[in-house]
Protein chains: 2
Amino acid sequence: MRLTKFTDYSLRVVIYLARHPDSLATIADIAREYDIPSTHLMKVVHRLAQCGYILTVRGKGGGMRLARTPDLINVGDLVRDTEDNMDIAECFSPDHQSCPMLPACALKSVLVEARKSFLATLDFYRLSDIMGGATPSLVAPLHQAHGTFAPPSPGKKKRTS
Amino acid sequence: MRLTKFTDYSLRVVIYLARHPDSLATIADIAREYDIPSTHLMKVVHRLAQCGYILTVRGKGGGMRLARTPDLINVGDLVRDTEDNMDIAECFSPDHQSCPMLPACALKSVLVEARKSFLATLDFYRLSDIMGGATPSLVAPLHQAHGTFAPPSPGKKKRTS
DNA sequence: TACTAAGATATATTTTACATGTATCTATTG
DNA sequence: CAATAGATACATGTAAAATATATCTTAGTA
Ligand code: SF4
Ligand code: SF4
């Protein structure tokens, strides 16, 4: 069970941008910073722009910046948008419905619930919580059992799916 | 993000065995039932035996059966034992410690917590909960917010890791 | 206008984890 | 000893992901 590098790179990009809010950053900048292939970052950046997390500027002097402030970018949402295969088991795909246990597999229900828990945990965090550096706001300490306190203000917009 | 077929097959095997408690089942039996390659099942069965979930009997008339009753087999444990790569991100592996964000990456902490949530959800279920069929015991209904009730009796032994 | 630097887009290739296959060995029954 | 079961080792195939290449478009600037 792992997330793709595509997703991790996506998160690194927005973290980088959150840390450098005063100027446009280029793909080359970020690729250099993290020592990852710029060719891969191109696709990442494109996706992030499509999904509205960043704004890009073409041409000389161009680059990218966050489309919103870090406290309005939710980690769970970003992972949902960048990880394109969230099919825990074979039967989660509209194709591959050949498992004889369908349609009433109790295991599948459990896996659905587990995935929900995974994403729900991510939903408790915003980019401002994971960008590191000096963030002297009242950020919920990590590793805290998040069921015990109310999520700090906005950061999570309910989505229909 | 997906689990391997190896893990799903492992679960199918124990479900099958739970449903057929009165005789030894062979790899061929189970492969036929689910229409999956017996060659893959061999490895699955071997792992399940190594981890103590099933007992195998070699030779003519041999086969396998559960080593414990279904209410003593925990889904989370079984997934931990069969899914051999639980490295959500690159940095989770002892090798690949090259990400410049280490060692104080706030994102990693969040991912660790999310993985914990995923497995904790699975920990709430036992084989007896997912084996389907007529189980007229007081089983917790699936999809229920499991934070709101006490886990039904045993089924989950705390492990040190 | 030409040049350059940036992202956008499409396609191709490489790599890797996973799945599957084959062959052989060992144990057990009858 | 023959047949049937899992145990074990190794080889191969496959598909998703990662990476690379090439070309196009946009925008600033000399
Ligand atoms: S066993 Fe259940 S969870 Fe696994 S593939 Fe079949 S239907 Fe899906
Ligand atoms: S960015 Fe954080 S979570 Fe991702 S690989 Fe680096 S250290 Fe791990």
Side-chain angles (χ1 to χ4, degrees), chain A residues 1-10 12-13 17 23-32 34-51 53-65 67 82-90 92-93 95-96 98-99, chain B residues 1-10 12-13 17 23-32 34-51 53-65 67 82-90 92-93 95-96 98-99:
Chain A
M1 186 173 114
R2 63 179 222 280
L3 296 174
T4 59
K5 290 187 179 181
F6 190 92
T7 296
D8 191 61
Y9 289 171
S10 297
R12 293 197 208 181
V13 166
L17 295 178
S23 60
L24 293 181
T26 67
I27 288 176
D29 289 339
I30 303 176
R32 199 179 316 115
Y34 296 126
D35 191 31
I36 55 185
S38 60
T39 119
H40 203 184
L41 268 192
M42 281 186 202
K43 294 171 65 174
V44 167
V45 163
H46 185 225
R47 173 78 65 88
L48 288 174
Q50 278 184 319
C51 296
Y53 293 102
I54 66 177
L55 299 174
T56 59
V57 179
R58 298 220 274 200
K60 190 171 183 179
M64 76 199 79
R65 63 179 183 84
T82 55
E83 184 79 7
D84 38 47
N85 186 4
M86 287 293 271
D87 298 339
I88 305 292
E90 180 183 338
F92 280 55
S93 164
D95 327 327
H96 315 107
S98 57
C99 178
Chain B
M1 184 172 115
R2 61 181 221 281
L3 295 174
T4 59
K5 290 186 178 181
F6 189 92
T7 296
D8 190 62
Y9 290 170
S10 297
R12 294 196 207 182
V13 166
L17 296 178
S23 60
L24 292 182
T26 68
I27 288 176
D29 290 338
I30 303 177
R32 199 179 316 114
Y34 296 127
D35 191 31
I36 55 185
S38 60
T39 120
H40 203 184
L41 269 193
M42 281 186 202
K43 294 173 65 175
V44 167
V45 164
H46 185 226
R47 173 78 65 88
L48 288 173
Q50 278 184 319
C51 295
Y53 294 102
I54 66 177
L55 299 174
T56 59
V57 178
R58 300 218 272 200
K60 190 173 181 178
M64 77 199 79
R65 62 177 184 82
T82 54
E83 183 79 6
D84 39 46
N85 185 4
M86 286 293 271
D87 298 339
I88 305 291
E90 180 183 340
F92 280 55
S93 165
D95 328 326
H96 314 108
S98 57
C99 178

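By convention in this document, chain letters (A, B, ...) are assigned in the order of the sequence lines, proteins followed by strands, and residues within each chain are numbered from 1.
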Among the candidates [options], find the nucleotide nearest to the side-chain atoms of [X].
{"X": "B:H40", "options": "C:dT20, D:dT8, C:dC18", "answer": "C:dT20"}
{"X": "B:R58", "options": "D:dA5, D:dA18, C:dT20", "answer": "D:dA5"}
{"X": "B:K60", "options": "D:dT19, D:dA7, C:dT29", "answer": "C:dT29"}

Original post:
When all nucleic acid strands are considered with a 4.0 Å heavy-atom cut-off, which category describes A:I27: base, sugar-phosphate, or nothing?
Top reply: sugar-phosphate
Original post:
Touch check for A:R47, heavy atoms < 4.0 angstrom, all strands: base, sugar-phosphate only, or nothing?
Top reply: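 If one applies the 4.0 Å heavy-atom cut-off, A:R47 turns out to touch nothing in the nucleic acid.
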Subject >> Lys/Arg N to Asp/Glu carboxylate O, B:R47 vs B:E83, below 4.0 Å >> reply: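 So B:R47 does not pair with B:E83 through a salt bridge.
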Original post:
Does the distance from a Lys or Arg side-chain N to an Asp or Glu carboxylate O, for B:R32 and B:D29, drop under 4.0 Å?
Top reply: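 Yes, this pair counts.
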At under 4.0 Å, does any side-chain N or O of [X] touch on OP1 or OP2 of [N]?
{"X": "B:H46", "N": "D:dT8", "result": "yes"}
{"X": "B:Y9", "N": "C:dT20", "result": "yes"}
{"X": "B:T39", "N": "C:dT22", "result": "no"}
{"X": "A:T56", "N": "C:dA6", "result": "no"}

Distance, rounded to the nearest Å, where [X] contributes [atom1] and [N] contributes [atom2]:
{"X": "B:L41", "N": "D:dA5", "atom1": "CG", "atom2": "C1'", "value": "14 Å"}
{"X": "B:M64", "N": "D:dA5", "atom1": "CE", "atom2": "C1'", "value": "10 Å"}
{"X": "B:H96", "N": "C:dA17", "atom1": "NE2", "atom2": "P", "value": "7 Å"}
{"X": "A:M42", "N": "D:dT19", "atom1": "CE", "atom2": "P", "value": "13 Å"}
{"X": "A:K5", "N": "C:dT14", "atom1": "NZ", "atom2": "P", "value": "18 Å"}
{"X": "B:L24", "N": "C:dT28", "atom1": "CG", "atom2": "P", "value": "13 Å"}
{"X": "A:L3", "N": "C:dT16", "atom1": "CG", "atom2": "P", "value": "20 Å"}
{"X": "B:L55", "N": "C:dT28", "atom1": "CG", "atom2": "P", "value": "14 Å"}

Original post:
When you match A:I36 and A:G59 each to their closest nucleotide on DNA chain D, which lands nearer the 5' end?
Top reply: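 Comparing both residues, the 5'-ward one is A:I36.
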Subject >> Over 12 non-hydrogen atoms of neighbours within 6.0 angstrom of CG in B:D35 >> reply: no
Original post:
Which residue, A:L48, A:I54, A:V57, A:L24, forms the side-chain contact (heavy atoms from CB on, under 4.5 Å) with A:M64?
Top reply: A:I54
Original post:
Applying the side-chain contact (heavy atoms from CB on, under 4.5 Å) test to B:V45, which of B:T26, B:I30, B:T56 qualifies?
Top reply: B:T56
